[in-house]
Amino acid sequence: MTETALDAALFIRWMQAAAALVDREAERLTELDSPIGDADHGSNLQRGFTSVAKALESDPPTTPGAVLTTAGRQLISTVGGASGPLYGTLLRRAGKALGDAPGVTAEELQAALRGGVDAVAQLGGSAVGDKTMLDALAPAVEALGTSFADAAEAAEKGAVDTTPLQARKGRASYLGERSIGHQDPGATSSALLFAALAEVTA
């Protein structure tokens, strides 16, 4: 990985790209959520990320950490269901770890996101293999050590690989074996976050 510092402007572009991807994929996320959830994952996240993009535009933070903290706060306050607190925790914890540095390296971002993923696991009481967003987040963060493109690829693969799993956490777990054969919507939206990061750093 390059040691080039990633600044607040890039982090803002990352969140804006994520908002655009969520907007584009909202219908698909809701379709995935339909058989195993409340059929609102896409619309909830769309509302949340639209709010994130507006907040960053109206008062742009000046550090990468502040960008993620602001985004996390917006998601917690605007996204319904479990997604808001989980995404909010991921970004706020990572933002806090980055602190007030005006620029961060890819390695520092990886370490911060690793802390965020640990916080999500703790909050949801879940682990990799439980058919949750962790199945995309954990491999993506590990692959960040190689490149942003590899992280996006690992997240996408992790999301697709949730299809044959039986859900052990969240709303989908109530379905038992009937959750098998459906790709997890949370893992799918998590992959969009890393696709957006790869897009703005390409």
Side-chain angles (χ1 to χ4, degrees), residues 15 17-49 52 71-72 75-76 78-94 113-144 148-199:
M15 290 298 117
L21 277 180
V22 167
D23 195 49
R24 199 174 74 208
E25 297 289 327
E27 206 171 302
R28 183 170 78 100
L29 293 174
T30 291
E31 276 171 19
L32 290 173
D33 196 31
S34 244
I36 59 173
D38 294 325
D40 60 1
H41 188 61
S43 53
N44 278 345
L45 271 194
Q46 191 176 29
R47 182 172 63 247
F49 274 97
V52 166
L75 291 173
I76 287 172
T78 55
V79 179
S83 303
L86 291 168
Y87 268 105
T89 295
L90 171 74
L91 296 178
R92 281 176 69 181
R93 185 64 64 92
L113 285 171
R114 192 176 278 135
V117 169
D118 290 344
V120 167
Q122 198 175 2
L123 180 64
S126 52
V128 170
D130 284 346
K131 198 182 181 99
T132 70
M133 62 197 291
L134 286 178
D135 291 308
L137 290 176
V141 169
E142 289 315 306
L144 260 184
F148 294 118
D150 284 346
E153 204 174 297
E156 179 59 30
K157 183 182 184 303
V160 170
D161 288 350
T162 61
T163 306
L165 301 178
Q166 179 172 330
R168 292 201 285 262
K169 291 289 168 186
R171 180 87 169 68
S173 65
Y174 304 154
L175 295 174
E177 288 183 2
R178 283 180 298 147
S179 64
I180 295 170
H182 298 285
Q183 185 170 320
D184 183 66
T188 307
S189 59
S190 296
L192 296 180
L193 197 59
F194 285 91
L197 179 60
E199 189 184 299

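Every value quoted in this text rests on a predicted model; they were computed, and no experiment measured them.
- Shortest non-hydrogen contact noted between T163 and V160 is OG1-O, 2.8 Å.
- No donor-acceptor pair closer than 3.5 Å links the side chain of S190 to the backbone N or O of A136.
- Annotation for A154 and A143: closest pair CB-CB, 3.8 Å, computed over non-hydrogen atoms.
- In this structure, the side chains of L193 and L90 come closer than 4.5 Å at one or more pairs of heavy atoms.
- In terms of modelled atom types and a separation under 3.5 Å, the side chain of T30 and the main chain of E27 share no donor-acceptor contact.
- Between F49 and V79, the closest side-chain pair of non-hydrogen atoms is not below 4.5 Å.
- Remark: the backbone N or O of V128 is not paired with any side-chain donor or acceptor of D135 at under 3.5 angstrom.
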Between L197 and L144, is the side chain to side chain contact (heavy atoms under 4.5 Å, CB included) condition met? List the steps. CA-CA 10 Å; L197 179 60; L144 260 184; 4.1 Å; yes
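- Taking all atoms of both residues into account, the shortest heavy-atom contact from P35 to L175 is O-CD1, 3.2 Å.
- The two residues T78 and R47 have their closest heavy-atom pair at O-NE, 2.9 Å.
- To the nearest 0.5 angstrom, R171 atom CZ is 14.0 Å from H41 atom NE2.
- Using a 4.5 Å heavy-atom cutoff, the side chains of L45 and L192 are not in contact.
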Would F194 and L113 satisfy side chain to side chain contact (heavy atoms under 4.5 Å, CB included), going step by step from the backbone distance to the final call? CA-CA 11 Å; F194 285 91; L113 285 171; 4.2 Å; yes
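- R28 is linked by a side chain to side chain donor-acceptor pair (under 3.5 Å) to E25, counting only residues two or more places apart in sequence or in another chain.
- Within 6.0 Å of CD in Q46 there are more than 12 heavy atoms belonging to other residues, nucleotides or ligands.
- Between S189 and L32 the shortest side-chain heavy-atom distance does not fall below 4.5 Å.
- The closest side-chain heavy-atom distance from D130 to Q166 is not below 4.5 Å.
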Show, in sequence, the C-alpha distance, side-chain angles and deciding distance for M15 and L91, and conclude whether the side chain to side chain contact (heavy atoms under 4.5 Å, CB included) test is met. CA-CA 11 Å; M15 290 298 117; L91 296 178; 4.2 Å; yes
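- For the residue pair Y174 / S179, no side-chain donor-acceptor distance below 3.5 Å is found, with atom types taken as modelled.
- By the 4.5 Å heavy-atom criterion applied to side chains, S83 and N44 are not counted as neighbours.
- To the nearest 0.5 Å, the span separating OG1 on T188 from CE on M133 amounts to 11.0 Å.
- The nearest pair of heavy atoms linking A198 to F148 is CB-O, 3.7 Å.
- Within the model, atoms OG1 of T89 and CG of L75 stand 10.5 Å from one another, a figure rounded to the nearest 0.5 Å.
- Side-chain N or O atoms of K131 include none that pairs as donor or acceptor with a backbone N or O of D184 at under 3.5 Å.
- Closest heavy-atom contact between I76 and G88: CG1-CA, 3.6 Å.
- Panel note: side chain R168, backbone T132; no donor-acceptor pair is recorded below 3.5 Å.
- H182 contributes atom NE2, which lies 11.5 Å from atom CG of D33 (distance to the nearest 0.5 angstrom).
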